[in-house]
Peer 1: 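The structure follows.
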Amino acid sequence: MASTLSRPSRVAKLPPRERILDAAEELFEREGIRLVGVQAIADKAETTKMAIYRHFETKDALVAEWLRIVAADYQAAFDRVEAEYPDRPEEQILGLARFIAEGLSAISYRGCPFINSLAELPDRLHPARQVIEDHKARQTRRLIGMCTEAQMRDPGQAAAEITFALEGAQVSTQNGSIDQTGDRLMKVVEGIVDRHRSPLGAHSAAD
């Protein structure tokens with residue numbers, strides 16, 4: 001199975017563009033965007049700087065594409081819970097919370113790629129920052145949609161509170177200030193859902 005291969009043997013099987021992205025992901029997550037140069041990425045990918053620039057016009061374009069891939073993974077989590085819990089928006093919301101909770105162990109030593117990248121990209125016009133902002137806006141719209149489908153009294157406020165909980169849990173895990181963050185996160189999100197459930201929504205759920 002591919003997952004049992006060592007990194008060098010696995011990467012050797014990737015096409016050049018994917019090999020570059022794989023190397024960039026590992027270096028950006030471990031060392032940060034600014035500290036990693038194109039030559040370091042080329043060395044890691046066992047290619048050349050010229051080859052990288054054939055696939056990506058600039059380093060900024062490479063960073064943006066890496067974050068696009070990360071964002072797609074999060075959007076796919078929305079797709080999965082919607083497919084797993086059709087017409088059950090509250091379960092969809094809790095499914096998203098579980099997706100974040102189960103990923104917190106990775107955050108504990110690498111940190112959230114979006115939070116880390118935003119800290120390194122103060123320019124609002126940077127293409128990679130725009131990828132993050134677009135992703136977060138789309139994520140918020142989808143979460144508000146779930147809260148609306150759940151007939152919550154104030155979907156926008158509920159979505160905001162859930163977002164604060166999800167993102168706060170990631171930061172708290174990264175800085176080590178709170179223990180048992182996964183379990184605590186689920187209890188917080190369950191509480192938000194319960195508190196914002198409308199009397200009609202509560203009656204429907206009971207039925």
Side-chain angles (χ1 to χ4, degrees), residues 7 22 24-36 40 63-64 66-81 84-85 89-124 126 128-147 150 152-197:
R7 185 183 184 281
D22 185 273
E25 175 183 28
E26 180 172 333
L27 291 171
F28 290 154
E29 289 189 346
R30 189 179 68 211
E31 301 177 23
I33 293 170
R34 296 297 183 191
L35 291 179
V36 174
V63 174
W66 161 59
L67 289 171
R68 239 177 243 113
I69 293 170
V70 177
D73 287 342
Y74 280 84
Q75 293 300 325
F78 276 86
D79 297 337
R80 284 195 299 272
V81 296
E84 187 173 355
Y85 304 107
E90 289 189 6
E91 289 299 326
Q92 293 171 6
I93 293 168
L94 296 177
L96 283 173
R98 279 192 294 274
F99 168 73
I100 297 298
E102 290 169 0
L104 290 176
S105 58
I107 294 237
S108 66
Y109 64 90
R110 292 186 302 184
C112 171
F114 298 124
I115 294 171
N116 292 348
S117 297
L118 284 173
E120 294 194 74
L121 303 171
D123 182 3
R124 296 294 294 271
H126 191 287
R129 188 180 178 106
Q130 291 182 320
V131 168
I132 298 173
E133 292 182 1
D134 289 346
H135 160 65
K136 290 296 185 180
R138 185 165 59 253
Q139 182 172 285
T140 299
R141 288 193 299 269
R142 295 187 74 171
L143 187 52
I144 291 174
M146 289 177 177
C147 293
M152 294 185 180
R153 287 186 292 266
D154 187 343
Q157 179 64 26
E161 292 179 21
I162 293 167
T163 299
F164 295 155
L166 299 179
E167 299 198 349
Q170 293 179 62
V171 173
S172 296
T173 300
Q174 185 175 353
N175 64 35
S177 60
I178 302 294
D179 65 355
Q180 302 177 47
T181 47
D183 291 339
R184 294 180 193 274
L185 172 61
M186 291 306 302
K187 290 178 182 177
V188 169
V189 175
E190 288 167 1
I192 294 170
V193 170
D194 287 343
R195 182 159 43 80
H196 281 274
R197 186 184 291 123

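Quantities reported herein were computed from a predicted structural model and do not represent experimental measurements. What's counted below: heavy atoms across the whole structure, side chains too, no hydrogens, waters or symmetry copies.
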Peer 1: Between L185 and R98, is there a side-chain heavy-atom distance shorter than 4.5 Å?
Peer 2: no
Peer 1: Within the structure provided, determine whether N116 and E29 are in side-chain contact (heavy-atom separation under 4.5 Å).
Peer 2: no
Peer 1: Could you tell me if the side chain of R80 sits less than 4.5 Å from the side chain of F99, heavy atoms only?
Peer 2: yes
Peer 1: Could you tell me whether the side chains of T173 and T181 share a donor-acceptor contact shorter than 3.5 Å?
Peer 2: yes
Peer 1: Between E120 and I33, is there a donor-acceptor pair closer than 3.5 Å when you use the side chain of the first and the backbone of the second?
Peer 2: yes
Peer 1: Would you compute the distance between atom CZ of F78 and atom CD of Q139 and round it to the nearest 0.5 angstrom?
Peer 2: 4.5 Å
Peer 1: Do C147 and I93 touch side chain to side chain, with heavy atoms closer than 4.5 Å?
Peer 2: yes
Peer 1: If only atom types and distance count, is the side chain of R197 paired as donor or acceptor with the main-chain N or O of M152 below 3.5 Å?
Peer 2: no
Peer 1: Which side-chain N or O atoms in residues 68-76 pair as donor and acceptor under 3.5 Å with protein atoms at least two apart or in another chain?
Peer 2:
unit_1 : atom_1 : unit_2 : atom_2 : d
R68    : NH1    : E65    : OE1    : 2.9
Q75    : OE1    : R142   : NH1    : 3.1
Q75    : NE2    : H135   : ND1    : 3.1

Peer 1: Rounded at 0.5 Å granularity, tell me how far CD1 in I100 sits from CD in Q170.
Peer 2: 5.0 Å
Peer 1: Which side-chain N or O atoms in residues 156-166 pair as donor and acceptor under 3.5 Å with protein atoms at least two apart or in another chain?
Peer 2:
unit_1 : atom_1 : unit_2 : atom_2 : d
Q157   : NE2    : E161   : OE2    : 2.9
E161   : OE1    : R195   : NH1    : 3.3
E161   : OE1    : R195   : NH2    : 2.7
E161   : OE1    : H196   : NE2    : 3.2
E161   : OE2    : H196   : NE2    : 3.2
T163   : OG1    : A159   : O      : 2.8

Peer 1: Measure across I178 and R184 and return the closest heavy-atom pair with its distance rounded to 0.1 Å.
Peer 2: CG2-CD, 3.7 Å
